[in-house]
2 protein chains.
Amino acid sequence: MCHANTLIMLESSLYPHVSVDCVVFGFTGERLHILLISRNGTSEDGCYSDMKLPGSVIYENEDLDDAAYRVLHELTGIKNIYLQQFHSFGSPSRTQNPRDKVWLENSIHMKIGRIVTVGYVALIKIGQKLQAFSDRYEAHWCDIDDIGTLAFDHNIVVEKALAYVRLKLIEDPIGLYELLPKRFTEAELRNLHEVIYGEKVDIRNFHKKFSSLPYIVSLEEKQQNVAHRAARYYRFDKIIYNQIYR
Amino acid sequence: MCHANTLIMLESSLYPHVSVDCVVFGFTGERLHILLISRNGTSEDGCYSDMKLPGSVIYENEDLDDAAYRVLHELTGIKNIYLQQFHSFGSPSRTQNPRDKVWLENSIHMKIGRIVTVGYVALIKIGQKLQAFSDRYEAHWCDIDDIGTLAFDHNIVVEKALAYVRLKLIEDPIGLYELLPKRFTEAELRNLHEVIYGEKVDIRNFHKKFSSLPYIVSLEEKQQNVAHRAARYYRFDKIIYNQIYR
DNA sequence: ATGTCTTATTGTAGATTATACACCATCGCA
DNA sequence: TGCGATGGTGTATAATCTACAATAAGACAT
């Protein structure tokens with residue numbers, strides 16, 4: 001076999017690998033959450049446990065978008081959501097942390113020099129059952145303000161995703177409604193605006209705009225068992241929305 | 001050597017290659033232009049000559065941004081501009097056109113299965129001397145409405161770049177001023193708006209906003225040798241702009 | 001010199017949208 | 001029954017957007 005293995009090693013570190021990473025945002029009605037995979041391993045400094053974005057290398061004959069949907073499904077069980085590509089990350093140093101290098105070699109079974117990753121973002125109603133496919137890949141919803149230091153450059157990826165969402169919602173606010181459950185209160189939507197844009201909005205001015213939107217329809221139901229006046233529920237009407245804006 | 005070459009071939013088509021492509025927009029005062037490289041080659045159906053975006057595969061240890069600057073400089077001589085990443089393209093079919101496959105093998109000297117490319121966009125004052133580095137890589141400014149069918153999926157890349165520019169200019173119009181020469185008339189800026197957004201703007205309403213911008217300063221000079229009343233020149237004052245918006 | 005052609009330059013009125021701001025209602029619970 | 005917490009609502013002012021047309025300046029042809 002004459003060094004065939006050595007050759008393969010050389011090759012696989014010479015050419016960049018391409019991966020996709022998914023930043024999936026969810027919303028509880030109060031706080032913004034993000035879907036992370038817990039990662040356990042050992043490195044020079046002993047055992048560790050930390051978090052990473054759901055992501056993986058793409059297949060040989062797979063489109064980037066397809067890879068993102070596949071990976072998200074494989075790692076979390078999530079299907080039927082819109083993923084949007086927002087940025088690619090290719091710094092040679094992004095896979096140079098020793099902990100990350102060891103983890104990559106163990107999980108991809110290959111020596112890897114660098115990985116260019118393509119970032120995808122989704123807004124999703126929180127609370128879908130998350131399917132855990134193995135003990136190593138366990139998906140969790142984490143409060144965005146409490147994610148600590150993630151694997152690779154994933155903190156940067158998350159920041160960039162948030163910036164993209166803010167910009168993108170200017171041209172089409174429909175993404176916001178993906179972040180809410182079927183029925184929601186006005187305050188929940190107001191909270192969502194505040195966590196995404198990072199600033200308080202005026203309650204009465206918000207109400208004025210909210211109540212003028214024809215595609216927000218009011219339901220009969222109200223909150224129950226709350227220690228204050230119960231708020232009315234609303235729903236987002238996609239049909240009316242599409243009639244107006246598509 | 002026992003099939004070592006075969007192995008290399010397998011490897012290089014197994015792992016995706018990563019390239020960058022640059023969409024560089026320029027503006028004459030009337031029409032939007034884009035920087036393209038002419039490509040000559042032969043394929044099954046004889047000689048051909050067509051155009052492609054300036055782009056190339058990245059080096060082993062090169063950041064994506066660095067690669068974009070390097071490639072643009074190598075192919076066109078352009079330096080010192082802002083390039084912004086806007087989207088990545090990775091469809092397996094994007095490198096399957098026979099003409100493109102042959103061209104790739106000749107220019108990269110390697111059999112390549114697929115290339116994931118990262119798109120960069122820049123707005124640049126037109127008219128900088130373009131440096132031609134070889135007979136095969138000759139850079140030209142082409143009218144955006146007259147670029148025909150480009151190599152690979154580059155027509156799609158250009159479309160996406162334009163959409164990105166439109167969106168991006170909402171949050172920061174400074175990019176627009178990169179597209180204009182040092183001194184420009186109000187009509188030139190108005191034309192630029194019209195070609196970028198693809199619709200007529202009201203002359204007087206535009207003037208009202210234009211003349212209220214503190215960072216647009218009027219010069220004494222006027223147009224010369226025009227067959228009508230000469231228009232006044234203005235310039236963009238970066239210092240005033242930064243004082244207000246940074 | 002005069003007229004014609006082409007583009008430059010400028011304002012106003014009305015509609016729409018954004019902002020600032022405070023009080024009463026309702027419900028659970030002690 | 002009263003307190004604590006959140007829900008729900010209007011008005012006045014400022015700022016911005018929209019629609020719209022007549023005169024000015026220079027080049028050129030006669």
Side-chain angles (χ1 to χ4, degrees), chain A residues 27-31 166 169-173 176 180-181 183-236 244-245, chain B residues 27-31 166 169-173 176 180-181 183-236 244-245:
Chain A
F27 184 63
T28 58
E30 289 188 8
R31 304 185 59 76
R166 277 195 272 261
L169 289 181
I170 294 172
E171 57 168 14
D172 189 353
L176 268 194
L180 290 163
R183 54 178 207 180
F184 53 87
T185 68
E186 182 174 327
E188 284 169 346
L189 184 58
R190 207 174 57 231
N191 280 339
L192 181 54
H193 271 86
E194 290 179 348
V195 296
I196 288 184
Y197 295 106
E199 54 191 24
K200 285 261 165 242
V201 305
D202 182 278
I203 293 183
R204 277 179 289 181
N205 292 336
F206 184 86
H207 172 72
K208 201 186 321 182
K209 184 169 267 179
F210 179 82
S211 58
S212 79
L213 298 176
Y215 52 83
I216 304 269
V217 311
S218 143
L219 303 176
E220 291 308 310
E221 306 153 76
K222 291 189 170 187
Q223 285 179 321
Q224 297 201 330
N225 300 321
V226 284
H228 53 77
R229 178 172 173 182
R232 150 162 285 141
Y233 282 119
Y234 297 84
R235 68 181 177 83
F236 172 67
I244 302 174
Y245 298 104
Chain B
F27 183 63
T28 58
E30 289 187 6
R31 302 186 60 77
R166 277 195 272 260
L169 289 180
I170 295 172
E171 58 169 10
D172 190 353
L176 268 194
L180 291 162
R183 55 179 205 177
F184 52 88
T185 67
E186 182 175 323
E188 283 169 346
L189 184 57
R190 207 175 56 232
N191 281 338
L192 180 53
H193 270 86
E194 290 178 349
V195 295
I196 287 184
Y197 295 106
E199 53 191 23
K200 285 264 167 239
V201 305
D202 182 277
I203 293 183
R204 275 179 291 182
N205 291 334
F206 184 85
H207 173 71
K208 200 187 320 182
K209 184 169 267 178
F210 179 82
S211 58
S212 78
L213 299 175
Y215 51 83
I216 303 269
V217 312
S218 143
L219 303 175
E220 291 309 309
E221 306 154 78
K222 292 190 170 187
Q223 286 179 320
Q224 296 200 330
N225 299 320
V226 284
H228 54 78
R229 176 173 175 182
R232 151 163 282 140
Y233 281 120
Y234 298 83
R235 69 180 176 84
F236 172 66
I244 302 174
Y245 298 104

Would you mind telling me which of His228(B), Arg232(B), Arg229(B) makes a side chain to side chain contact (heavy atoms under 4.5 Å, CB included) with Gln223(B)? His228(B)

Please list, in numerical order, the residues of residues 200-212 of chain B that have a heavy atom closer than 4.0 Å to any atom of DNA chain D. Asp202(B), Arg204(B), Asn205(B), Lys208(B), Lys209(B)

Between [X] and [Y], which heavy-atom pair has the shortest distance, and what is it?
{"X": "Asn191(B)", "Y": "Gly29(B)", "value": "ND2-O, 3.1 Å"}
{"X": "Val201(A)", "Y": "Arg190(A)", "value": "CG2-CG, 3.3 Å"}
{"X": "Arg166(A)", "Y": "Ile196(A)", "value": "NH1-O, 2.6 Å"}
{"X": "Pro173(A)", "Y": "Tyr215(A)", "value": "CG-OH, 4.3 Å"}
{"X": "Leu176(A)", "Y": "His193(A)", "value": "CD1-CE1, 3.4 Å"}

Footprint ends on DNA chain C, 5' to 3', for atoms under 4.0 angstrom from a heavy atom of chain A, come out as dA18(C) to dG28(C)

Distances under 3.5 Å between nitrogen or oxygen atoms of protein and nucleotides 4-7 of chain D:
| residue | atom | partner | partner atom | Å |
| --- | --- | --- | --- | --- |
| dG4(D) | N2 | Ala227(A) | O | 3.2 |
| dG7(D) | N2 | Arg229(A) | NH1 | 3.4 |
| dG7(D) | N3 | Arg229(A) | NH1 | 3.4 |

Can you tell me how far [atom2] of [Y] sits from [atom1] of [X], rounded to the nearest 0.5 angstrom?
{"X": "Glu171(B)", "Y": "Tyr245(B)", "atom1": "CD", "atom2": "OH", "result": "14.0 Å"}
{"X": "Glu188(A)", "Y": "Thr28(A)", "atom1": "CD", "atom2": "OG1", "result": "8.5 Å"}
{"X": "Tyr197(A)", "Y": "Leu192(A)", "atom1": "OH", "atom2": "CG", "result": "8.5 Å"}

Derivation and outcome, side-chain contact (heavy atoms from CB on, under 4.5 Å), residues Ile216(B) and Phe184(B): CA-CA 10 Å; Ile216(B) 303 269; Phe184(B) 52 88; 4.2 Å; yes

